[in-house]
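The block underneath contains the structure these notes are about, expressed in structure tokens.
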Amino acid sequence: MTDYEKIAELLYPNIKKTVNDYINMYPARKLPDGAEVTRLAPSPTGYLHIGQLFQCLVNKRIADQSKGVFYVRLEDTDQKREVAGAGPIMAEMINYFAPYTEGFHDYNKQNGDYGSYIQSERQAIYLCFAKDLVSRGLAYPCFCSSDDDDDESCDYREEQKKLGVPTGYYGKWAKCRNLTYEEVKANIDAGKKYTIRIKANGNGTEKMVHKDLLRGSIVFPKNFVDYVLIKSTGLALYHMAHVVDDTLMHTSTVIRGEEWLSSVPLHYQLFEYFGLKAPKYLHTNLLMTTDANTGNTRKISKRYDPWADCRWFIEQGFPKEAIIEYVLNLANSAFEPWRTANPNADINEYILKTGNMGKSGAMFDMVKLVDVSKNVIAKMKAPEIYSRVLLWAKKYDITLAYLLERDKEYAISIFAMDRDNKPRPRKDTAKWSEIKEFYSYMWDDLYLSKERNYDFEEETKLKDIKELLERYILVYSASDDNQTWFNKVKETASLCGYCTDMKEYKLNPEKYKGSIRTASTIIRVAITGIRETPDLCEIMKILGEKVVHARIVETILAIEEFIKNGIE
RNA sequence: GGCCCCGUGGUCAAGAGGUUAAGACAUCGCCCUUUCACGGCGGAAUCGGGAGUUCAAUUCUCCCCGGGGUCACCA
């Protein structure tokens with residue numbers, strides 16, 4: 001037995017399995033040629049971040065389009081940062097946007113043959129791999145930390161900064177690197193806690209090449225820092241878990257954010273030490289935003305940007321297709337031309353090519369999302385909008401939900417306005433939360449409960465409004481078709497001195513009180529309170545004779561009141 | 001500061017030695033129109049800077065500058 005083997009036994013007498021045992025336990029997946037196995041590995045520290053969704057969608061697409069597998073693994077090795085209950089909620093969100101079968105769903109619900117998909121349950125595996133490294137002298141126990149906290153008590157970092165050399169545990173600062181069996185044993189016997197560190201073989205000048213699926217060849221100095229692999233608690237760090245898990249779970253391509261690029265040398269070293277083949281890597285760009293206060297570009301943060309949390313978009317009522325489309329568009333610029341060419345194709349038919357993904361940080365543009373969302377909603381028919389809005393409203397707006405359910409047909413007819421019967425549908429709704437306010441005049445419950453604030457045009461005189469409405473109410477009939485309806489509006493307008501021909505009006509505006517636009521606006525405002533609405537004739541038909549009548553009369557009365565008070 | 005990534009209009013970006021430097025969103029103007037939205041037409045707006053290589057550089061090389069990431073017993 002070598003000293004290394006003796007140390008390994010001393011540290012982990014109960015680990016009997018070998019690395020090979022585990023490797024044999026999880027044989028390669030049976031998948032068609034070219035199938036990619038990808039994963040999302042969130043840590044349960046909060047809720048799904050929009051940047052994670054970005055990673056998630058790319059991973060999912062790459063797997064699906066190659067007939068491979070996309071799975072979810074919970075990286076919960078950091079108990080300190082863990083937020084209770086966050087894991088299952090994250091899984092639910094991932095599943096909402098990118099349905100998956102294999103992996104973690106809940107602490108008592110996992111699917112797949114390569115589990116556990118919860119890292120805290122994999123401790124024995126990591127320790128086995130660590131023991132293997134220790135027994136071969138490629139890793140070693142380090143006692144440099146103080147007993148009760150995770151702060152390295154060695155103050156070598158300050159010294160290194162002063163010296164202007166890279167910070168880290170290496171070289172002469174790596175005091176535990178060459179401890180003998182006897183020294184290790186003495187420390188252990190003294191009850192000292194220890195971490196396991198990799199014994200790096202780079203010297204800071206030796207180079208290595210990483211071939212990234214997106215970024216091409218990148219030259220790094222070979223890793224020369226003895227990073228911690230196993231914490232003093234016995235739990236693994238990301239680097240160790242990544243190498244072990246992605247090997248055992250047979251991940252073919254690791255797609256992760258650019259923030260991981262700088263740890264690639266460490267990961268390669270680990271694979272090399274284990275004699276394992278590293279997966280393919282793709283390091284994506286990062287999602288950014290402009291800081292409202294400083295004007296600087298920065299990473300999207302949960303602290304400052306409420307929309308960093310994916311739930312925000314759902315609460316706002318953005319359809320998930322819109323969110324997916326926009327994020328995919330950010331990930332891959334070829335998406336938008338594809339969507340233009342295939343407006344009705346299922347999003348799962350899109351083939352995402354890794355070569356033309358963006359390399360530089362992408363600004364998250366809410367305005368563009370809104371546009372994408374409007375287009376997505378514009379493709380929906382009224383019944384679909386109805387069920388979508390209802391589903392949303394049940395959770396976020398019970399008043400709306402009540403109105404929708406009270407009279408389903410009525411609600412659908414509202415959503416059908418300027419939409420189902422038009423070649424080019426309206427594009428004015430981006431999210432469900434806008435619906436209630438936008439169509440508030442369509443429900444008396446909402447309309448009557450609000451303070452009336454007639455939005456007539458400034459220059460229109462009250463007495464003229466009154467006159468027009470009084471005349472119009474006499475000819476109005478709920479049974480009129482669109483043409484008849486408009487003819488009546490024109491006749492009334494003409495009688496009151498408005499010009500019904502826009503060209504004529506533009507030539508001689510002084511001859512008239514206003515144009516047919518002015519007259520129409522008066523009726524529109526009398527009925528809806530506002531100047532901008534879908535087709536007025538349709539609105540009046542849906543509202544019905546009684547309501548239209550009541551609203552016009554109410555308006556006339558209100559105007560009389562204004563006039564009485566000397567307002568013109 | 002060391003190492004690494006990135007740099008085309010306000011935003012996402014196509015272009016890979018020779019182009020009037022695409023397209024989408026936003027913005028401005030006009031048209032259509034009973035309002036708004038839609039739609040149509042048009043405008044303004046971009047190759048970070050400097051050296052090289054070349055007959056020719058947005059495109060290749062180098063330097064600089066700028067932005068970002070990372071240097072934890074976090075992921």
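Sequence lines set the chain letters: A, B, ... in the order given, protein chains first and strands last, and positions in each chain run from 1. Quick caveat: nothing in here was measured; it's all calculated off a predicted structure.
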- Note on the structure: Output field dot_bracket for RNA chain B (Watson-Crick or G-U, both distances under 3.5 Å, | for other-strand pairs) contains ((((((((.[[[..)..(....]]].(((((.......)))))....[[[[[..)....]]]]])))))))....
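Residues forming a side-chain contact (heavy atoms from CB on, under 4.5 Å) with A:Ile89 (at least two apart in sequence, or on another chain): A:Tyr47. For A:Asn329, the side-chain contact (heavy atoms from CB on, under 4.5 Å) criterion is met by A:Phe335, A:Glu336, A:Lys368, not counting sequence neighbours. With sequence neighbours left out, the side-chain hydrogen bond (donor to acceptor under 3.5 Å, both in side chains) criterion links A:Thr354 to no other residue. Taking A:His267 as the reference, A:Arg256 meet the side-chain hydrogen bond (donor to acceptor under 3.5 Å, both in side chains) condition, with sequence neighbours excluded. For A:Asp418, the salt bridge (charged side-chain N to carboxylate O under 4.0 Å, His left out) test picks out A:Lys422, A:Arg426, with sequence neighbours left out. Evaluation of the side-chain contact (heavy atoms from CB on, under 4.5 Å) rule for A:Lys431 yields A:Gln316, A:Phe318, A:Ser433, A:Glu434 as partners, not counting sequence neighbours. Looking at residues two or more places apart in sequence or on another chain, you find a side-chain contact (heavy atoms from CB on, under 4.5 Å) between A:Val165 and A:Gln160, A:Leu163, A:Tyr170, A:Trp173.
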Grab the N/O contacts between the protein and nucleotides 40-43 of chain B below 3.5 Å, and write none if there aren't any.
none

Taking N or O atoms only and anything under 3.5 Å, show me the protein contacts with nucleotides 14-17 of chain B, one pair per line.
| from | atom 1 | to | atom 2 | distance (Å) |
| --- | --- | --- | --- | --- |
| B:A14 | OP1 | A:Ser333 | OG | 3.4 |

Under-3.5 Å N/O pairs linking protein and nucleotides 31-34 of chain B:
| from | atom 1 | to | atom 2 | distance (Å) |
| --- | --- | --- | --- | --- |
| B:U34 | O2 | A:Arg524 | NH2 | 2.8 |
| B:U34 | O4 | A:Asp535 | OD1 | 3.4 |

Using atom names, set out every protein N or O paired with an N or O of nucleotides 6-10 of chain B below 3.5 Å, distance rounded to 0.1 Å.
none

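Remark: the A:Arg531 side chain and the B:C36 base include no donor-acceptor N/O pair separated by less than 3.5 Å.
Residue A:Thr297 is in sugar-phosphate contact alone, with no base atom involved, counting any heavy-atom pair closer than 4.0 Å across all strands shown.
Under 4.0 angstrom from either OP1 or OP2 of B:C74 there lies at least one side-chain N or O belonging to A:Lys231.
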